[in-house]
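Order of the sequence lines fixes the chain letters, A, B, ..., with proteins taken first and strands second; residue numbering starts at 1 for each chain. On a predicted model such as this, the values are computed, not experimentally measured, just so you know.
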There are 2 protein chains.
Amino acid sequence: MTTQSRATLADVARLAGVSSKTVSRVFADAGNVSVDTRERVLGSAKRLRFRPNNLARNLRRGGVTNTVAFVIGDLTNPFYFTVAAGIERELALHGLTMVLASTDDSPDSEERVVDALLSQRVRALLLIPIAEDQSYLDGERQLGTPVVSVDRPARNLIADSVVLQNRLGMAEAVRSLTAIGHRKIGFISNPSGIYTQRERLAGYREALREVGVTHTGHWERLDDDPAVSAEQAVQSLLALPDPPTAIVAGNNRGSAGAVRVLRDQDPPVAFIGFDDFELADALGISVVAYDPIELGRTAARLALGHLAEPDAFTKQVEIPTRLIRRGSGEIPPPR
Amino acid sequence: MTTQSRATLADVARLAGVSSKTVSRVFADAGNVSVDTRERVLGSAKRLRFRPNNLARNLRRGGVTNTVAFVIGDLTNPFYFTVAAGIERELALHGLTMVLASTDDSPDSEERVVDALLSQRVRALLLIPIAEDQSYLDGERQLGTPVVSVDRPARNLIADSVVLQNRLGMAEAVRSLTAIGHRKIGFISNPSGIYTQRERLAGYREALREVGVTHTGHWERLDDDPAVSAEQAVQSLLALPDPPTAIVAGNNRGSAGAVRVLRDQDPPVAFIGFDDFELADALGISVVAYDPIELGRTAARLALGHLAEPDAFTKQVEIPTRLIRRGSGEIPPPR
DNA sequence: ACGGGAAATGTCAGCGTTGTCCGAGTTTGT
DNA sequence: ACAAACTCGGACAACGCTGACATTTCCCGT
């Protein structure tokens, strides 16, 4: 009594005494079917537990599905998931579903994963570029599949992209520290190779240069080694002979580490994180915040827009950031 | 110069001067094709940007895809996303991809969303039941699609399920409070209708009954109204004429609220949350913890197991919880 | 009663792939 | 040297559905 085979249109048609096309009409078109027939068909379908096969339907209809792919690097990072939530919501408004795939932050697997998804004939592809080079996607793009790169720009590929105001956001944070007198400001982040971190680092340096601080190398902790935790990075900064009076973090992992170390630091060290987090308000941590849901929604909208207007120019969107002052970033330097 | 049509097996075959079956062999079987032909075919495929159409392949192969669906209630809840991460990982090991769909915690949309996914011929269905009744899935189950209900048992449906040790975990937390003398213990959670909350509430009552406390109603805050935040619930407990000396939270949202209110409470109120969270260690918050990734992996494994052995009995798995003592749960009652 | 037009239903082919079966060419065994 | 076995490649049909087009049925006015 296992797996009896699935009913098809033809089975339903036979039972209802109509042609399969009529059944098809009942389930798809909804046009030109008498109420009588319609009910008879629906009855038979129910009895046979019929469910239309979207595979066949989509194939027949020209190989387009209702699926949009989102390729994510690290699934356990809450940031990406929130972005995914935004994407899903926007897609749902248009009757599309999202498939999620992970490259496990491994550049090598990116093309493999993407390829598998494209074989599924996804309607559009959203991805967080991990590999060095996305030129392999150019063919697909020319075939009309919208490609949107999320959080980082794609390399060697013309594609829509949505990124954060990384540089500006970080510069604003650092400026708010220099405005109250800080000059010795540490920067922690890892890993350093990534676009977002490079941008934020640039913003940090830029803001410091504005107040005449040009040598920042010894205050930068950009550890590629994941074993070096944010906590250790902060500690190594504090252990300097001339330690910074303020620290900024380039990513959300840095914030948690910094909070742990800096809580019982005396004299207190100012801190501003990048990316808001739960309880940051209760803890009084100032952060550069942005709306990750909106990042996802925007990415989805770009894809949908491209679908509606295939010949439009490529768009680059920046999601604004804003500094939220909660106290930790307003601690003045000790005098 | 838009959307030139996509190359098919036949196109590649024509260019390579072979039959389409041979091209098919190159891309699928890998059997019985000479090295010469193989390379010629691959060359032509590349030139034409050919990519096999999985829609057609799956249809031909009998309508089975490599996709497993996970139907989630609320996309923004980090708990579900972590579960999803676990599912994705386990599936990836078996070459399957995950599609994620949301019911937006609306019982009405559950059947609609599930139906759409089943029409896509997903290989298995994992879902967090939201609706009152999942009997509508019985037909599909009989057709051989594994159905696994996650975090809550399905209702009126025979299906594998994975849930947490809700009752035991909560009871353990409360016992650890009663062991150090607490008797007046508040319980916050919302909404109350949900299985997990009912179970945890039962665990709470059970542990209190063991020490002779049977009237707990006035210490229970089970607000269905989402406008009543966890913070307000905690505050209303503290405002009682005879306020509790300890509070336990039935969900992760409760913890954040409790932390905010209880930080500057004097005399200090003991607290234990359900579900671990970032910085809980730094804040010294005791919690009942569990591994959400493992919850996801287990759900995926159940589905895979059912796929491998369709006639196996239905399985119910409980994911263990454990109490992590970090201080907030070890505060004794004031004397 | 009859023609005409719209509504309801049917026929047929084909979307892109692969399983089955078959044939031609090549190697192996005795 | 000849059958047997094996390798490589092709023709054809079918997976379940729908678009184009054809046909039947029904209703209405005159």
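Not counting sequence neighbours, the partners of A:Glu132 by the side-chain hydrogen bond (donor to acceptor under 3.5 Å, both in side chains) test are A:Arg155. Partners of A:Arg14 under the side chain to side chain contact (heavy atoms under 4.5 Å, CB included) rule, at least two apart in sequence or in another chain, are A:Ala10, A:Asp11. Under the salt bridge (charged side-chain N to carboxylate O under 4.0 Å, His left out) criterion, A:Asp108 pairs with no residue at all, not counting sequence neighbours. Applying the side-chain hydrogen bond (donor to acceptor under 3.5 Å, both in side chains) criterion to A:Ser106, with sequence neighbours excluded, gives A:Ser109.
Judged as a ring pair (Phe, Tyr, Trp, His ring centres under 6.0 Å), not a single pair has a partner in residues 104-135 of chain A (not counting sequence neighbours). Pairs of residues two or more places apart, or lying in two chains, that qualify as ring pair (Phe, Tyr, Trp, His ring centres under 6.0 Å) and include a residue from residues 35-58 of chain B are B:Phe27-B:Phe50.
Considering only the side chain of A:Val33, C:dT9 comes nearest among C:dT9, D:dC8, C:dT17.
Atom CZ of B:Arg57 and atom C1' of D:dC17 are 20 Å apart (whole Å). Rounding to whole angstrom units, CD of residue B:Gln120 and C1' of D:dC17 are separated by 14 Å. The separation between B:Arg38 atom CZ and D:dT7 atom P is 16 Å, rounded to whole Å. For the pair A:Arg6 CZ and D:dA14 P, the computed distance is 22 Å after rounding to whole Å. Here the C1' atom of nucleotide D:dG16 and the CZ atom of A:Arg14 are 13 Å apart, to the nearest Å. Distance A:Leu55 CG to D:dT18 P: 12 Å, rounded to the nearest Å. Computed from coordinates, the B:Phe27 CZ to C:dG19 C1' distance equals 19 Å when rounded to whole Å. Between the CG atom of A:Asn32 and the P atom of D:dC21 there is a distance of 16 Å, rounded to whole Å.
Here the closest heavy-atom approach between residue B:Val12 and residue B:Ala45 is recorded as CG1-N, 3.8 Å. Annotation for B:Pro292 and B:Thr82: closest pair CG-CG2, 3.7 Å, computed over non-hydrogen atoms.
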Where along nucleotides 10-15 of chain C does protein come under 4.0 Å, by heavy atom, of base (B) or sugar-phosphate alone (S), with - for untouched nucleotides?
BB-BBB
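At its two ends the helix from C:dA1-D:dT30 to C:dT30-D:dA1 runs along axes set 40° apart, each axis drawn from five pairs and the angle rounded to 10°.
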Under 3.5 Å, side-chain donor or acceptor atoms of residues 87-99 of chain B against the rest of the protein: list the pairs with distances, not counting sequence neighbours.
| residue | atom | partner | partner atom | Å |
| --- | --- | --- | --- | --- |
| B:Glu88 | OE2 | A:Ser102 | N | 3.1 |
| B:Glu90 | OE1 | B:Arg297 | NE | 2.9 |
| B:Glu90 | OE1 | B:Arg297 | NH2 | 3.3 |
| B:Glu90 | OE1 | B:Arg301 | NH1 | 3.3 |

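OP1 or OP2 of C:dT18 sits under 4.0 Å from a side-chain N or O of B:Ser24.
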